[in-house]
Protein chains: 2
Amino acid sequence: MAATIRDVAYAAGVSVSTVSYALSGKRSLSDETRRRIEDAIRALDFTPNAGARALASAETKVFGLYLQFREDEFAPAMLQYVLPVSTTAREHGYDLLMVTDTDLRGAIHRTTSSYMVDGAVLLDVTYDDVRLEPLRQAKQPGVLIGYARDATGFDAFDLDFGEAARIAVDHLAERGHREIILVTPPRDVYDRGGSYAWRFRDAAVERAARYGIRMSVHEGEARQPGITEALDAAFAALPTATALIVHNDATVAALPSYLNSRGVVVPRDLSVVGVYSADFGNAFSLPYTSVETLPDKLGELAVTQLVRRINTPGLAGEPLTRLIEPGFVDRDSTRIVS
Amino acid sequence: MAATIRDVAYAAGVSVSTVSYALSGKRSLSDETRRRIEDAIRALDFTPNAGARALASAETKVFGLYLQFREDEFAPAMLQYVLPVSTTAREHGYDLLMVTDTDLRGAIHRTTSSYMVDGAVLLDVTYDDVRLEPLRQAKQPGVLIGYARDATGFDAFDLDFGEAARIAVDHLAERGHREIILVTPPRDVYDRGGSYAWRFRDAAVERAARYGIRMSVHEGEARQPGITEALDAAFAALPTATALIVHNDATVAALPSYLNSRGVVVPRDLSVVGVYSADFGNAFSLPYTSVETLPDKLGELAVTQLVRRINTPGLAGEPLTRLIEPGFVDRDSTRIVS
DNA sequence: CTGAAAGCGCTTACAG
DNA sequence: CTGAAAGCGCTTACAG
């Protein structure tokens with residue numbers, strides 16, 4: 001089989017513990033010893049056994065990444081969070097156990113109680129997420145990407161969707177728009193507790209009211225032909241609208257095609273503000289002024305905080321919930337209404 | 001801390017080894033003993049420590065899933081393989097370590113030589129994939145999803161893209177088409193060794209030649225505005241084409257919008273055959289007759305074979321390379337040319 | 001600056 | 001049908 005730390009120690013003429021300390025750097029050693037150990041490691045192509053290390057140190061250097069693939073979600077959206085989480089984790093020396101079990105509660109319990117992971121990253125957290133309770137029972141810390149009713153015990157990061165809505169409405173209000181259509185996430189998202197849906201909607205409605213703007217709110221759909229039908233219904237409900245805010249990936253991805261087929265030119269006939277990430281807009285070549293969700297930033301913040309909590313046993317203060325300020329990119333898809 | 005097997009043994013009044021055998025089922029035990037052990041496990045909420053188990057049994061029950069997020073690839077495409085791999089792995093009791101390091105060789109070596117994984121699943125394998133060599137050094141078996149120049153030592157699964165091309169061309173030939181445009185994957189895909197690109201293209205060209213069909217071949221683009229420009233160029237090169245075969249996700253996703261904007265009605269003005277998976281077509285509401293790539297089937301076959309190879313030490317015969325017959329779904333997007 | 005040894009929590013021959 | 005014990009390959013006090 002492969003070389004063990006014993007083989008390295010023997011080859012280097014030192015003890016096993018010295019090799020271990022050379023590996024961890026937790027103790028100083030002479031240059032000569034270090035050199036001999038390094039040579040031996042190289043000669044034997046030694047890599048520490050992860051299971052043995054985990055058993056002895058009670059650290060796996062693995063994070064659990066818990067996600068679900070949902071029918072009503074536009075697949076590309078979730079993927080945006082996976083890469084930054086993975087990259088940031090590796091920067092801190094952690095690998096990712098990707099858990100997609102449909103039994104969410106069981107998956108958390110299974111992987112934490114067996115000590116497969118040192119921490120948990122929960123993606124796409126819902127308002128009453130069933131994963132939180134089993135994760136509270138776990139010894140490992142957890143971090144949430146998303147917003148829950150009660151995030152007690154966890155660090156949580158999410159975009160400030162209320163602020164996102166205000167940015168969008170303010171932008172249009174400043175440009176003189178008085179009648180705005182808002183397309184929100186589909187009904188399913190509300191139903192399962194995707195709080196970003198109503199946090200954005202409620203803030204948008206409130207902000208519009210403050211300006212005396214008439215706002216027509218409609219739920220989008222995840223698939224065709226529903227997407228088109230929902231848009232048709234929205235425009236029929238407020239034909240005089242001069243602006244459209246789209247807070248739904250599937251709808252905004254289909255929007256260029258939809259507007260094109262209706263002969264609607266942006267921003268001449270309609271001003272459009274989207275809500276999506278830069279990567280998403282890039283992948284689908286979306287030409288709209290947008291309030292940017294920041295998956296890269298959220299993923300990085302979440303993992304960094306998780307690492308901090310692991311490395312700092314008595315981390316000062318309660319776990320935090322942090323809402324991130326959205327970005328804004330003007331792509332000239334809104335016009336000034338006189 | 002959490003309960004160990006010793007605690008369970010003590011509570012059940014049996015030895016540690018008996019608990020272990022009760023867990024693994026590798027030895028029969030009396031009903032009474034079994035009941036007492038089960039009660040103790042439940043009372044203590046015992047879960048075996050994964051690290052200890054891995055160390056003692058030399059099995060982690062984890063597969064490495066090695067993938068890369070590429071700029072030139074349409075993100076949703078890769079995701080289609082992740083879910084079936086994950087689901088099938090879980091069905092066989094395996095979790096997935098998702099490895100996205102940009103250092104592909106190092107990632108393979110790091111995770112296999114440390115025995116973090118019992119096997120490796122390589123996604124998006126290229127013709128001269130740099131991951132194969134380090135994986136050959138590994139003690140764990142590996143399975144490839146994709147097609148490599150030399151897959152010696154591995155089981156490999158891929159769609160039969162040659163056959164996919166023949167199915168598409170045959171379908172159009174039978175319907176009387178004599179001038180066909182083929183949009184292939186982007187240049188980058190060829191450059192990095194995405195053999196599906198040329199395997200499809202070469203087979204399509206050859207098949208067309210056999211029929212005496214004129215075929216105009218063009219490389220697609222991954223992003224706008226390149227997608228549109230490539231399509232414009234293709235139609236300009238063969239304005240009299242009556243049919244279009246699209247073997248590129250990004251292009252086919254943008255196609256409805258593109259054709260709409262050009263006033264082209266399918267199949268009245270143009271017959272279209274796509275090459276994509278059912279899920280992909282569904283997610284993007286694609287209305288085209290398609291040769292179906294089968295990511296679910298490939299992912300499942302690959303993982304099943306990996307499990308088999310692990311469970312059957314002296315698995316008869318060499319590792320196999322298997323090309324899967326594509327599916328075909330007629331969505332009436334091709335017309336009969338007289 | 002370095003070593004001998006206990007211990008992490010399992011699995012599995014070996015014995016009866 | 002069941003148990004005592006060695007061993008998997010590390011880490012880390014404890015000692016010098």
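Atoms considered below: every heavy atom in the structure, side chains included; atoms not considered: hydrogens, waters and symmetry mates. Values in this document were obtained by computation on a predicted structure and should not be read as measured data. The sequence lines fix the lettering, A, B, ..., with proteins before strands; numbering per chain opens at 1.
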Are OP1 or OP2 of [N] and a side-chain N or O of [X] less than 4.0 angstrom apart?
X       : N      : answer
A/Arg53 : D/dT11 : yes
A/Ser28 : C/dC1  : yes
B/Ser15 : D/dG3  : yes

Nearest to the B/Tyr21 side chain among D/dT11, C/dT12, C/dC10, which nucleotide is it? C/dT12

If we ignore hydrogens and angles and just use 3.5 Å, is the side chain of [X] paired with the main-chain N or O of [Y] as donor and acceptor?
X        : Y        : value
A/Gln140 : A/Val117 : yes
A/Asp101 : A/Asp103 : no
B/Ser114 : B/Arg110 : yes

Return whichever of A/Ser17 or B/Thr18 has its heavy-atom-nearest nucleotide of DNA chain D closer to the 5' end. B/Thr18

Mapping A/Ile5 and A/Arg27 onto DNA chain D by nearest heavy atom, which one lands closer to the 5' end? A/Ile5

Assess whether atom CZ of A/Arg6 is packed by more than 12 heavy atoms of other residues, nucleotides or ligands within 6.0 Å. no

Separation of atom [atom1] in [X] from atom [atom2] in [N], rounded to whole Å:
X        : N      : atom1 : atom2 : answer
A/Arg36  : C/dG3  : CZ    : C1'   : 14 Å
A/Tyr115 : C/dC10 : OH    : P     : 10 Å
A/Arg6   : D/dG7  : CZ    : P     : 11 Å
A/Met116 : C/dG9  : CE    : C1'   : 15 Å
A/Leu55  : C/dT11 : CG    : P     : 12 Å
A/Lys26  : D/dC14 : NZ    : C1'   : 16 Å
A/Asn49  : C/dG9  : CG    : P     : 17 Å
B/Arg35  : D/dT2  : CZ    : P     : 13 Å

Any base atoms under 4.0 Å from [X], or only sugar-phosphate, or nothing? Heavy atoms, all strands.
X       : result
B/Val14 : sugar-phosphate
A/Ser30 : sugar-phosphate
B/Ser20 : base
B/Thr33 : sugar-phosphate

So which one's nearest nucleotide on DNA chain C is more toward 5', B/Thr4 or A/Arg34? A/Arg34

Is the shortest heavy-atom distance from the side chain of A/Asp45 to the side chain of B/Ser113 under 4.5 Å? no

Hunt down the Watson-Crick or G-U wobble partner of D/dC14, both distances under 3.5 Å, from any strand shown, or write none. C/dG3

